[in-house]
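Below: the structure, in structure tokens.
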Protein chains: 2
Amino acid sequence: MIDAKKVGRPKKFKREDALAAALNVFWAKGYNGASMKDLTAAMKINGPSLYAEFGDKQTLYKLTIDEYAQNDACAPLVAFEGEDDIDKAVQAFMAAAIDYATLQNSGVKGCFLSSCVATTAGEVEGVEAKLQNAIIETDKRLANRFDLEITKGVLPANFPSLQRARLMFDLRQGHVFRARSGCDADEMKQDLEYRSKIVLQADATSA
Amino acid sequence: MIDAKKVGRPKKFKREDALAAALNVFWAKGYNGASMKDLTAAMKINGPSLYAEFGDKQTLYKLTIDEYAQNDACAPLVAFEGEDDIDKAVQAFMAAAIDYATLQNSGVKGCFLSSCVATTAGEVEGVEAKLQNAIIETDKRLANRFDLEITKGVLPANFPSLQRARLMFDLRQGHVFRARSGCDADEMKQDLEYRSKIVLQADATSA
DNA sequence: TCAATATCATATCAATCATTACAAATTGCA
DNA sequence: TGCAATTTGTAATGATTGATATGATATTGA
């Protein structure tokens, strides 16, 4: 079933590679700033091939949003979930987010969703829902790890998982906005230890 | 000197009103998504008049960025500085930022800088510097208030003003991104009391 | 009343936009 | 070897883009 030989002239591109290239173009120039000429050039694909494979520009755009949400945006989450110690895990999440926002091979900076896609939230149909979904899912996934730590006894039973998940996510938005604006990664990482502490401290709601 | 009568046919528009209208168009559609047709219609101005008054589209865009940075973006800062009690002041800042990101008369949501202008950071010359400047100035202005509270003895002498200023600013980015994505204002305000607490607590760096 | 001046409104410019016909090219299968 | 199937490459589509050239219109000062 995989890569079954088909009749007809073979494609010159891999769908996933073309999609990744398109993502980079949209990330760098935004939806409206990216022309079909920009896209076909970066994707190494012809106009007709692009339309045959991805529909039209708007459909391609939404596909790159899904691609980013399912892959790229997960990198910090994977770092978060892969670290055993919860304090190191929080720091790893933030460090990964900062690195990802400043060290892209393509040279683009920031977060595709918050620094680019957000612009089209009111204009391109369905984008607002995609953003909303990405936010909710990330909040949940972060909170799940905190819940796990509660069951393990590392975090207290009354630890407000979702509240702290939202906190982590919002701090991330600050980082990626700063990154898009040219802020230095190391400068942002200076506060990491402190920020991890406030995310995890148990008694902030009282006092 | 003010409003001096000049020879010639009088202008039909006020510069500041036209600029505010242009800001709303860019805010809603982004720089590339906003056409000159959109702009002239919203500004109630003719093409040639627009070019005579504001130069070209890019110059107008940069003017709206300055306009926003000097006026709109200051609203939460004014709320922050106008409240005597520091805890209430921090909450007022965040509440104002949330309100401003969700209750625009024009219907646009989020923050113009982080939800729209950021997209053009790498493409439109000078925008990255404007963003960088806005960030640094806001950080400073927030920190100044904390420094004042230190001299008043309300906050301890070793209170890390700039660190907490950055924290406040980054939390704000989370709020405005959520707002742009359609998140409810009241939902975001639920965490305000807690978030103010972590911004102001003195002993988070130790422990 | 009439120049002088400045803005308004309309029409238009070349360039670029997203999208698509059309024909050549490349494959599998009969 | 030739046909059917599929993609590629080129070129062209009409629409829209940002920006102007032109002339009518409105106001001031003499």
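Being a predicted model, the structure only gives us computed values, none of them experimental. Throughout, a chain's letter reflects where its sequence line sits, starting with A, and its residues are numbered from 1.
For the pair B:Thr138 (side chain) and B:Ala134 (backbone), a donor-acceptor distance under 3.5 Å is present. When atom types are taken as modelled, the side chain of B:Arg145 and the backbone of B:Phe80 share a donor-acceptor pair closer than 3.5 angstrom. In terms of modelled atom types and a separation under 3.5 Å, the side chain of B:Asp191 and the main chain of B:Tyr194 share no donor-acceptor contact. No donor-acceptor pair closer than 3.5 Å links the side chain of B:Ser49 to the backbone N or O of B:Ile45.
Note on B:Ser49: every side-chain N or O is 4.0 Å or more away from OP1 and OP2 of C:dT7.
Shown are B:Lys189, B:Arg180, B:Arg195; of these, the side chain to side chain donor-acceptor pair (under 3.5 Å) with B:His175 is made only by B:Arg195. Exactly one of B:Tyr68, B:Trp27, B:Phe26, B:Phe54 qualifies for a ring-ring contact (aromatic ring centres under 6.0 Å, His included) with B:Tyr61. That residue is B:Phe26.
Taking a 4.0 Å limit (strictly below) on heavy-atom distances, residues 116-127 of chain A does not reach DNA chain C anywhere.
With rounding to whole Å, B:Glu53 atom CD is found 11 Å from C:dT7 atom C1'. Separating the CZ atom of A:Phe54 from the P atom of D:dT7 is a distance of 12 Å, rounded to the nearest angstrom. Atom CG in B:Asn46 sits about 12 Å away from atom C1' in C:dA11, given to the nearest Å. Here C:dC8 presents its C1' atom at 15 Å from CE of B:Met43, a figure rounded to the nearest Å. As a whole-Å value, the separation of A:Lys12 NZ from D:dT6 C1' is 15 Å. Put simply, CG on A:Leu50 is 13 Å from P on D:dG9, counting in whole angstrom units. In this structure, CZ of B:Phe13 is placed 15 Å from C1' of D:dA26, rounded to the nearest angstrom. Atom CG in B:Leu60 sits about 12 Å away from atom C1' in D:dG18, given to the nearest Å.
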Short N/O separations, protein against nucleotides 23-26 of chain C, under 3.5 angstrom:
residue: C:dA25; atom: O4'; partner: A:Arg9; partner atom: NH1; Å: 3.2
residue: C:dT26; atom: O2; partner: A:Arg9; partner atom: N; Å: 3.1

Can you check nucleotides 16-19 of chain C for protein contacts, nitrogen or oxygen pairs under 3.5 Å, and list what you find?
residue: C:dA18; atom: OP1; partner: A:Ala34; partner atom: O; Å: 3.4
residue: C:dA18; atom: OP1; partner: A:Lys57; partner atom: NZ; Å: 2.8
residue: C:dA18; atom: OP2; partner: A:Met36; partner atom: N; Å: 2.7
residue: C:dT19; atom: OP2; partner: A:Tyr51; partner atom: OH; Å: 2.4
residue: C:dT19; atom: OP2; partner: A:Lys57; partner atom: N; Å: 3.1
residue: C:dT19; atom: O5'; partner: A:Tyr51; partner atom: OH; Å: 2.9

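Looking only at atom types and distance, the side chain of B:Asp87 has a donor-acceptor partner in the side chain of B:Gln91 under 3.5 Å away.
The side chain to side chain donor-acceptor pair (under 3.5 Å) search around B:Thr119 returns A:Thr119, not counting sequence neighbours. The side-chain contact (heavy atoms from CB on, under 4.5 Å) test applied to B:Ser181 returns A:Leu131, A:Ile135, B:Phe177, not counting sequence neighbours. For the salt bridge (charged side-chain N to carboxylate O under 4.0 Å, His left out) test, no residue two or more places apart in sequence or in another chain qualifies with B:Asp72.
Proximity of the aromatic rings of A:Phe146 and A:Phe159 is defined here by a centroid distance below 6.0 angstrom, and this criterion is met.
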